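The structure appears below as structure tokens.
Note that the structure is predicted; figures quoted are calculated from it, not measured.
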Amino acid sequence: MMREQSNLAMLLFTGTVRQNMRCFAKNEILARMSPKDLAAIGEFLEPVVLRERMVLQEPKKQLEHVYFVESGLVSLRVAAVGSILEMAVIGHRGAVGAPLLFGGHPSTHQAVVLFPGSAHRIRVEDLRRLAKESPEIQKHLLRYVQALALHCAQTGLCGVRHDREERVACWLCLASDALDANVLPITHDYLSTVLGLRRAGVTETLIRFEQCGLIRKMRGVLQIDERKHLEQKACGCYKLIAGAYACDPQSAAQETMG
């Protein structure tokens with residue numbers, strides 16, 4: 001493991017990587033950093049395999065690492081006795097545990113791997129120190145934390161304001177973005193659980209989407225065929241959340257409010 005970390009740090013200093021950072025940095029937060037900042041972080045990054053149902057963060061427990069997700073999908077949720085409410089999905093654009101870098105109490109969220117993949121993790125104290133030393137690192141992390149906060153808040157609003165069809169379409173689009181794929185290994189049961197909807201209602205909605213040619217359902221897998229039309233079925237929350245990750249979240253929020 002130490003050899004992998006050392007090799008990673010050495011690669012980050014090479015001219016080839018400096019010219020094409022995105023070839024190395026599959027995680028979007030890291031990809032946006034300068035070669036110098038990425039090299040500094042690279043000294044402390046450790047590769048991790050994300051296995052299905054792996055718990056990366058427990059409610060009210062101090063987190064030791066921040067996970068920069070490269071592939072796969074992580075469900076950020078609030079868990080109660082006998083039920084869960086998903087607040088956000090985190091994929092290659094995000095990092096599990098990033099909000100803890102900016103102080104406050106331990107999170108009440110649970111982070112569970114939904115689809116297997118990979119990540120690079122770094123100890124919280126190391127990343128916090130690097131963020132203090134580099135305003136640019138801090139800026140990139142804060143920008144993501146603001147987008148994630150908007151995502152969670154908008155999810156709560158969406159659950160009480162928008163109808164079933166809009167919410168299902170929104171979730172499918174967001175999950176597709178986070179996973180960077182049009183094939184989603186999900187079940188009707190999972191969608192009904194995280195969205196707080198009746199399973200029969202979710203099944204009815206997916207059948208309607210399939211009849212319209214938007215998706216195709218197979219055993220345990222859903223394929224999105226008409227992405228643009230699916231986005232049109234989604235509520236306005238999708239564009240707001242997607243825009244927050246793509247640009248300044250404050251500007252996106254002001255545009256939507258206007």
Side-chain angles (χ1 to χ4, degrees), residues 57 59 73-91 93-94 96 98-99 104 107-112 114-115 143-179 182 184 186-215 217 222 224 226-258:
Q57 179 178 334
L73 197 66
V74 178
S75 172
L76 189 66
R77 55 182 64 169
V78 176
V81 179
S83 64
I84 62 173
L85 177 62
E86 186 176 82
M87 303 306 296
V89 284
I90 300 175
R93 300 180 301 182
V96 175
S107 175
T108 57
H109 293 149
Q110 180 187 56
V112 181
L114 177 57
F115 307 149
R143 180 173 176 267
Y144 168 70
V145 169
Q146 289 175 330
L148 181 62
L150 185 148
H151 188 164
C152 293
Q154 199 65 28
T155 295
L157 178 64
C158 185
V160 297
R161 290 286 182 88
H162 300 134
D163 64 33
R164 181 181 65 211
E165 185 172 290
E166 291 176 321
R167 293 176 62 200
V168 172
C170 181
W171 191 94
L172 293 176
C173 289
L174 288 172
S176 174
D177 288 348
L179 194 60
N182 285 325
L184 308 176
I186 57 170
T187 64
H188 297 199
D189 284 335
Y190 183 80
L191 276 176
S192 65
T193 298
V194 297
L195 294 176
L197 297 169
R198 292 175 58 250
R199 188 188 187 283
V202 170
T203 299
E204 181 183 332
T205 297
L206 294 179
I207 289 174
R208 188 178 302 116
F209 285 172
E210 189 166 28
Q211 290 172 340
C212 293
L214 306 182
I215 65 170
K217 295 189 283 84
L222 183 150
I224 300 174
E226 290 289 343
R227 176 54 192 264
K228 289 185 178 180
H229 291 155
L230 187 63
E231 287 182 19
Q232 292 171 1
K233 292 284 186 181
C235 55
C237 297
Y238 169 68
K239 287 187 177 180
L240 174 60
I241 294 170
Y245 287 114
C247 62
D248 178 16
Q250 292 181 346
S251 298
Q254 290 172 358
E255 180 179 343
T256 302
M257 290 172 62

Test item: I84 and V112 side chains (from C-beta on) under 4.5 Å apart, heavy atoms: no

Compare all side-chain heavy atoms of E86 with those of T155 and state whether any distance is below 4.5 angstrom. no

For the residue pair C237 and L157, establish whether any side-chain heavy-atom pair is separated by less than 4.5 Å. no

Gap separating the CG atom of L76 from the NE2 atom of H151, nearest 0.5 angstrom: 9.0 Å

For residues C152 and H109, determine if any side-chain heavy atom of one lies less than 4.5 Å from a side-chain heavy atom of the other. yes

Shortest non-hydrogen contact between A169 and L230, atoms and distance: CB-O, 3.7 Å

C170 versus C235, closest heavy-atom pair with distance: CB-SG, 4.0 Å

With heavy-atom distances below 4.5 Å as the criterion, would you say the side chains of F209 and E165 are in contact? yes

Using 0.5 Å steps for rounding, measure from the CG atom of L191 to the CG atom of L222. 7.5 Å

State whether the side chain of E210 and the backbone N or O of K217 hold a donor-acceptor pair below 3.5 Å, judged by distance alone. yes

Step through the shown structure and confirm whether more than 12 heavy atoms of other residues, nucleotides or ligands are within 6.0 Å of CZ on R161. no

Pairwise distance CD(E204) to NE2(H188) - rounded to 0.5 angstrom: 12.0 Å

Before giving the answer on side chain to side chain contact (heavy atoms under 4.5 Å, CB included), spell out for L172 and I186 the whole-Å C-alpha distance, their side-chain angles and the decisive distance to 0.1 Å. CA-CA 10 Å; L172 293 176; I186 57 170; 3.7 Å; yes

Are S176 and R227 side-chain neighbours, meaning at least one heavy-atom pair lies under 4.5 Å? yes

Output yes when K233 and D163 qualify as a salt bridge under the 4.0 Å nitrogen-oxygen rule, no when they do not. no

Atom pair OH/CD1 of Y144 and I90 - distance to nearest 0.5 Å: 4.0 Å

With rounding to the nearest 0.5 angstrom, report the CG to OH distance, L114 to Y190. 4.0 Å

Contact check, side chains of W171 and V194, non-hydrogen atoms, under 4.5 Å: yes

State the CD-CG distance between E226 and N182, to the nearest 0.5 angstrom. 10.5 Å

Minimum-distance pair of heavy atoms, taken over all atoms of C173 and E231: SG-CG, 3.7 Å

Hey, is CZ on R199 packed in by over 12 heavy atoms from elsewhere, all under 6.0 Å? yes

Counting C-beta onward and ignoring hydrogens, is there a side-chain heavy-atom pair between V202 and L195 closer than 4.5 Å? no

Donor-acceptor check, side chain of T205 to backbone of G201, threshold 3.5 angstrom: yes or no? yes

Over all atoms of both residues, closest heavy-atom pair of P99 and L148: CG-CD2, 4.0 Å

